[in-house]
Student: 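The structure follows.
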Amino acid sequence: MSDLSINPNPLLALDEGPPAFDRIRPEHVQPAVEQLLKDTTTGLEQIELSLENPAAATWSNTIGSLEALGQRWERIWSPVSHLMGVKNSDALREAHEAVLADVVALGLRMRQSRPIYDALAHIRQDETLWSQLDETQQRIVSKRIQDAELAGIALPASEQERFNKISERLSQLSTEFSNHVLDATRDWELVLDHPDDVEGLPSSLTLLAAQSFNNQEEDQSADPESGPWRFTLDGPSAMPFLQHCRVPHLREKLYRAFVTRASDGELDNSPLINEILELRRERANLLGFDTFAEMSVATKMASVTDVESMFDLLRQASWDAGQADLADLQELARASGQDQPLCHWDLAFWAERLREQRFDLTDEQLRPYFPLERVLDGLFDLAGRLFGITVEPADGQAPTWHEDVRFFRVLAESGEPAAFFYLDPYSRPEDKRGGAWMDECLSRRIVAGQLQLPVAHLVCNGTPPVGDRPSLMTFREVETLFHEFGHGLQHMLTTVDHADASGINGVEWDAVELPSQFMENWCYHRETLMGIARHFETKEPLPETLFENLRRARNYRAGSLMLRQLNFGMLDMYLHHQYDPAGDETVLDAQQRIAASTSPLEPLPENRFLCGFQHIFAGGYAAGYYSYKWAELLSADAFSAFEEVGLDNEEAVATTGRRFRDTVLASGGGRHPMDVFRDFRGREPGTDALLRHTGLA
């Protein structure tokens, strides 16, 4: 008797509540998805049959029926996709790959359905039917029509066939790209066993490195004081190593490995990049666009010209500051006895030394004051003050995929449950991809006449607990948690009941970072931060001098950091708008050339970071990485509304926070982001707040 006959497939259990993550196994994927494909095909055929006469179209038998089909995908395919990011394995990859082509094909089949397209077009053209829909419903219909057009519904049969083959191949390439980066990160290590090599490293890092070594070895012999110590390319290991390692050749070794991830041998992503860019351009050309970038921004707020203008403005504002930042580091390095010119693996080290000197501040001074539990308490308290919600632990009330994962309940101001979320806080390089993200588990929608409350995934890669010590966060990790919680708030506090527009769904991609970047601003608000920061052992609050030093250091190297983000965004837009895959210039040539215009230090010729740039080759940011800066303009202006009423004016802040909740967070994709911003701010956004906040005005 098979295992599946003994244990029913948890992916096919259509119970209420979150998925049974603790019981989902790779062997469940293929049979569940095959059943999903079969049921969806049958349901789609029934919908199309009912719409043979477009004049019979209604909201209910078009969007309503399609949302019912989508709910099954949310229950079956979404958990599989989530586990690919947080519990990756060879067996899961194999199961995912076995069904991926069919999943992509059916997705295209639905988007290219002529009966559905004609029915939706009829609804939009019929003045009576159209007037019966509210603004959110009209947006959903219009976006479904646009989505069908961008899926090639109007193409001749031969071109549509080619379009579909391209889409299938791009999906495969995206998964392969991501897997290569995960494997390259997991497979590299630097094991040190001489105390001189780790002299000067923070104790939190040597503790983590010793634990990492023991996790890889059976004898568990590593000791934080005597080693061996294992360092990896994972963020909590690599970044502090580059900041604090006093041995230049060791910094160089790790840095070179980091910027050449997934660029050699079987894991080389270089050929995948070329193929991805070629196929994206071909797909855009089939749809009548000159470039993929033009196709990408068709669904966003900005035009390509708008983006390029923003890049030019921000680069001019930050270039001199970035040059001055580099000169400061060079001066400090020379004064400290470094005879050799600065190299890229020196920048983080000397930047940290200058930060210590200039602001009397180090990450290690701050870490003890930011245990994860305290940070969560402070974050949830802030959310309560701003938005009137209450966040409560609900561990044990939903199955999880790892013992470190937490589960929380969100209560509305009325006291009624409004949403739930998972928090997966720690780095696990063996099976979890790097970075941090928010994703949907369940969307707010109506299911069988009942309101389904939203459930979010908040995923970080923070410093894990080491031995008896709790997770002690760097300040950057605190900011990252606030950022992802902001995304989660937009998903969880939506008041839209249609899945196509609830939460982040239907929000133009270059506006989706507004709530997340808005939340980061509160990390520098005195009441908020001092309410969080308590020493994990003594329970003493963060000393006032440390807070002031942290506040003064907020815009430290702002020019350099701005240029770094512009480098990513400009390269992304160039590759998808101007770059010719058939031309003489390679993608790495383009990378070098654009880096030269955004990096005060001459680019490292061997740098191949593009091979690990998952945002644009394995994520949703292709020709859209600019969104971080575009949305930062919005978020800075939004936060200035709170500054104008006085950040310490509790009543005014609460009133403004409720208005932010009821506009930006509640509206989802039901209204255009510019209209939503005007609802909150009373006007369109400007650039002044961003330049002021970054010290680049």
Student: Going by distance alone, is a donor N or O of one side chain under 3.5 Å from an acceptor N or O of the other, for Tyr626 and Asp510?
Tutor: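 Distance-only check passes for Tyr626 and Asp510.
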
Student: Would you check if Leu442 and Leu453 make a side-chain contact, meaning some heavy-atom pair closer than 4.5 Å?
Tutor: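 Not in contact.
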
Student: Passes side-chain contact (heavy atoms from CB on, under 4.5 Å), Asp589 versus Arg593? Steps please.
Tutor: CA-CA 6 Å; Asp589 291 338; Arg593 181 172 50 75; over 6 Å; no

Student: Please confirm whether the backbone N or O of Thr463 pairs with a side-chain atom of Glu477, one donor and one acceptor, at under 3.5 Å?
Tutor: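 Between the backbone of Thr463 and the side chain of Glu477 there is a qualifying donor-acceptor contact (under 3.5 Å).
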
Student: Hey, does Asp424 have a side-chain heavy atom less than 4.5 Å from the side chain of Val405?
Tutor: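 Yes, at least one pair of side-chain atoms sits under 4.5 Å.
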
Student: Can you find a pair of side-chain heavy atoms, one from Asp404 and one from Pro464, that are under 4.5 Å apart?
Tutor: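 No, every pair of side-chain atoms sits at 4.5 Å or beyond.
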
Student: Would a line drawn from the ring center of His483 to the ring center of His487 be shorter than 6.0 Å?
Tutor: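 Ring centres of His487 and His483 closer than 6.0 Å.
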
Student: Heavy atoms, side chains only, cut-off 4.5 Å: are Leu561 and Thr694 in contact?
Tutor: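 With C-beta onward as the side chain, the pair stays apart.
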
Student: Treating His576 as the side-chain partner and Asp572 as the backbone partner, does any N or O pair qualify as donor plus acceptor under 3.5 Å?
Tutor: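 Indeed, once roles are kept as given, a pair shorter than 3.5 Å links the two residues.
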
Student: Heavy atoms only: give me the nearest Leu254-Thr232 pair and the separation to one decimal.
Tutor: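 Of all heavy-atom pairs spanning Leu254 and Thr232, the closest is CD1-O, 3.9 Å.
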
Student: If you compare all heavy atoms of Leu563 against all heavy atoms of Thr598, which two are closest, and at what distance to 0.1 Å?
Tutor: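 For Leu563 and Thr598, the tightest heavy-atom pair comes out as CB-O, 3.2 Å.
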
Student: Which heavy atom of His457 sits nearest to which heavy atom of Cys441, and what is that distance?
Tutor: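 Closest approach of His457 to Cys441: NE2-CB, 3.3 Å.
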
Student: Counting only N and O atoms by type, is there a donor-acceptor contact under 3.5 Å from the side chain of Asp637 to the main-chain atoms of Leu634?
Tutor: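 No, Asp637 side chain to Leu634 backbone: no donor-acceptor pair under 3.5 Å.
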
Student: So, do Phe21 and Tyr422 have ring centers that fall under 6.0 Å from each other?
Tutor: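 Yes.
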
Student: Mind listing the closest non-hydrogen atom pair of Met674 and Met301 along with its distance?
Tutor: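 The answer is CE-CE, 3.6 Å.
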
Student: Using a strict threshold of under 4.0 Å (side-chain N to carboxylate O), is an ion pair present between Lys300 and Asp306?
Tutor: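 Answer for the salt bridge query: no.
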
Student: Does the plane of the ring in Trp401 sit parallel, tilted or perpendicular to the ring in His82? Use 30° and 60° as the thresholds.
Tutor: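 Perpendicular.
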
Student: Under 6.0 Å between the ring centres of Tyr621 and Trp509?
Tutor: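 Yes - the distance between ring centres of Tyr621 and Trp509 falls below the 6.0 Å cut-off.
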
Student: Side chains of Ser502 and Arg445: donor-acceptor distance under 3.5 Å anywhere?
Tutor: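 There is no such pair between these side chains.
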
Student: Quick one, Glu632 with Lys629, criterion salt bridge (charged side-chain N to carboxylate O under 4.0 Å, His left out). Give me CA distance, side-chain angles, the key distance, then yes/no.
Tutor: CA-CA 5 Å; Glu632 195 174 352; Lys629 283 303 168 190; 2.7 Å; yes

Student: Are any side-chain N or O atoms of Thr494 and backbone N or O atoms of Gln490, one a donor and one an acceptor, separated by less than 3.5 Å?
Tutor: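 Not confirmed, Thr494 side chain does not pair with Gln490 backbone.
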
Student: One thing to verify: whether Lys143 and Glu508 come together as a salt bridge, which I'm taking to mean a side-chain N less than 4.0 angstrom from a carboxylate O.
Tutor: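 Salt bridge flag = yes for Lys143 with Glu508.
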
Student: So how far is it from Leu277 CG to Asp580 CG, rounded to the nearest 0.5 Å?
Tutor: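 The CG atom of Asp580 is 10.5 Å from CG of Leu277, to the nearest 0.5 Å.
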
Student: Can you check side chain to side chain donor-acceptor pair (under 3.5 Å) on Thr305 and Glu308, steps first, answer last?
Tutor: CA-CA 5 Å; Thr305 301; Glu308 291 175 339; 5.1 Å; no

Student: Within the distance-only criterion (no hydrogens, no angle test), does the side chain of Asp439 pair as donor or acceptor with the backbone N or O of Leu458 below 3.5 angstrom?
Tutor: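 No; judged by distance alone, with no hydrogens or angles, the pair does not exist.
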
Student: Between Arg139 and Gly669 (side chain of the first, backbone of the second, donor and acceptor by atom type, cut-off under 3.5 Å), is there such a pair?
Tutor: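 Yes, because the side chain of Arg139 sits within donor-acceptor range (under 3.5 Å) of the backbone of Gly669.
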
Student: For Thr400, does its backbone N or O pair with a side-chain atom of Asp22 as donor and acceptor, under 3.5 Å?
Tutor: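 Such a contact is absent between Asp22 side chain and Thr400 backbone.
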
Student: Using the ring of each side chain (for Trp, its six-membered ring), is Tyr625 parallel, tilted or perpendicular to Tyr628, with breaks at 30° and 60°?
Tutor: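 Ring orientation of Tyr625 relative to Tyr628: tilted.
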
Student: Looking only at side-chain N and O atoms, does Gln30 offer a donor or acceptor that is under 3.5 Å from a partner on Glu34?
Tutor: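 Yes - a donor-acceptor pair under 3.5 Å links their side chains.
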
Student: Show the nearest heavy-atom pair for residues Ala456 and His491, with the distance to one decimal.
Tutor: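 The pair with the smallest heavy-atom distance is CB-CD2, 3.6 Å.
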
Student: If we only count heavy atoms from C-beta on, is the Phe177 to Leu173 side-chain gap below 4.5 Å?
Tutor: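 Result no, sub-4.5 Å side-chain heavy-atom pair not found.
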
Student: Measure the acute angle between the ring planes of Phe421 and Phe485, then classify it against the limits of 30° and 60° as parallel, tilted or perpendicular.
Tutor: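 Phe421 vs Phe485 ring planes: perpendicular.
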
Student: Quick one: does Glu176's side chain get under 4.5 Å of Phe617's, heavy atoms only?
Tutor: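 When only atoms from C-beta onward are counted, Phe617 and Glu176 do not touch, as no gap falls below 4.5 Å.
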
Student: Quick one: is the NZ or CZ of Arg428 closer than 6.0 Å to the six-membered ring centre of Tyr426, and within 45° of its axis?
Tutor: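 Verdict for Tyr426: no cation-pi partner in Arg428.
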
Student: Test Phe292 against Phe289 for ring pair (Phe, Tyr, Trp, His ring centres under 6.0 Å), laying out the working first.
Tutor: CA-CA 7 Å; Phe292 177 83; Phe289 295 97; 9.4 Å; no

Student: Could you check whether Asn164 and Ser167, counting side-chain N and O atoms only, form a donor-acceptor pair closer than 3.5 Å?
Tutor: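 Short answer, no.
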
Student: Any donor-acceptor pair under 3.5 Å linking the side chain of Arg433 with the backbone of Leu182?
Tutor: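 Checking the backbone N and O of Leu182 against the side chain of Arg433, no donor-acceptor pair under 3.5 Å is found.
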
Student: Passes side-chain contact (heavy atoms from CB on, under 4.5 Å), Gln112 versus Leu155? Steps please.
Tutor: CA-CA 10 Å; Gln112 294 170 350; Leu155 294 176; over 6 Å; no

Student: Take Asp183 and Arg93 through the test salt bridge (charged side-chain N to carboxylate O under 4.0 Å, His left out) and record every step on the way to the result.
Tutor: CA-CA 12 Å; Asp183 290 347; Arg93 289 182 189 181; 2.7 Å; yes

Student: For Arg144, is there an ion pair with Glu67 - N to carboxylate O distance below 4.0 angstrom?
Tutor: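 Arg144 and Glu67: not salt-bridged.
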
Student: Check the pair Ser627, Val512 against side-chain contact (heavy atoms from CB on, under 4.5 Å), reporting the backbone distance first and the verdict last.
Tutor: CA-CA 8 Å; Ser627 300; Val512 81; 6.0 Å; no

Student: Report the distance from atom CG of Leu633 to atom CD of Gln517, rounding to the nearest 0.5 Å.
Tutor: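 If we round to the nearest 0.5 Å, Leu633:CG and Gln517:CD are 9.0 Å apart.
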
Student: Any side-chain to backbone donor/acceptor pair from Lys432 onto Val459? Under 3.5 Å, distance only.
Tutor: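 Checking the backbone N and O of Val459 against the side chain of Lys432, no donor-acceptor pair under 3.5 Å is found.
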
Student: Any luck finding a side-chain donor-acceptor pair between Ser263 and Arg608 under 3.5 Å?
Tutor: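 On atom types as modelled, these side chains qualify, holding a pair under 3.5 Å.
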
Student: How far apart are the closest heavy atoms of Phe163 and Gly152, and which atoms are they?
Tutor: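 The answer is CZ-N, 4.1 Å.
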
Student: Looking at Glu97, I want to see if its CD is surrounded by more than 12 non-hydrogen atoms of other residues, nucleotides or ligands under 6.0 Å.
Tutor: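 No, CD of Glu97 has 12 or fewer neighbouring heavy atoms, counting only those of other groups under 6.0 Å.
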
Student: For Phe311, give me all partners under ring-ring contact (aromatic ring centres under 6.0 Å, His included), at least two apart in sequence or on another chain.
Tutor: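 Partners of Phe311 under the ring-ring contact (aromatic ring centres under 6.0 Å, His included) test: none.
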
Student: Is there side-chain contact between Ile276 and Leu170, with heavy atoms separated by less than 4.5 Å?
Tutor: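 Yes, their side chains come closer than 4.5 Å.
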
Student: Are Tyr579 and Thr291 side-chain neighbours, meaning at least one heavy-atom pair lies under 4.5 Å?
Tutor: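 A side-chain contact is absent here, since even the closest heavy-atom pair is not under 4.5 Å.
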
Student: Checking Thr480 side chain against Arg476 main chain: does a donor-acceptor pair fall under 3.5 Å?
Tutor: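 Such a contact is found between Thr480 side chain and Arg476 backbone.
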
Student: Parallel, tilted or perpendicular: which fits the ring planes of Phe613 and Phe609, with parallel below 30° and perpendicular above 60°?
Tutor: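 If you compare the ring of Phe613 with that of Phe609, the planes turn out tilted.
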
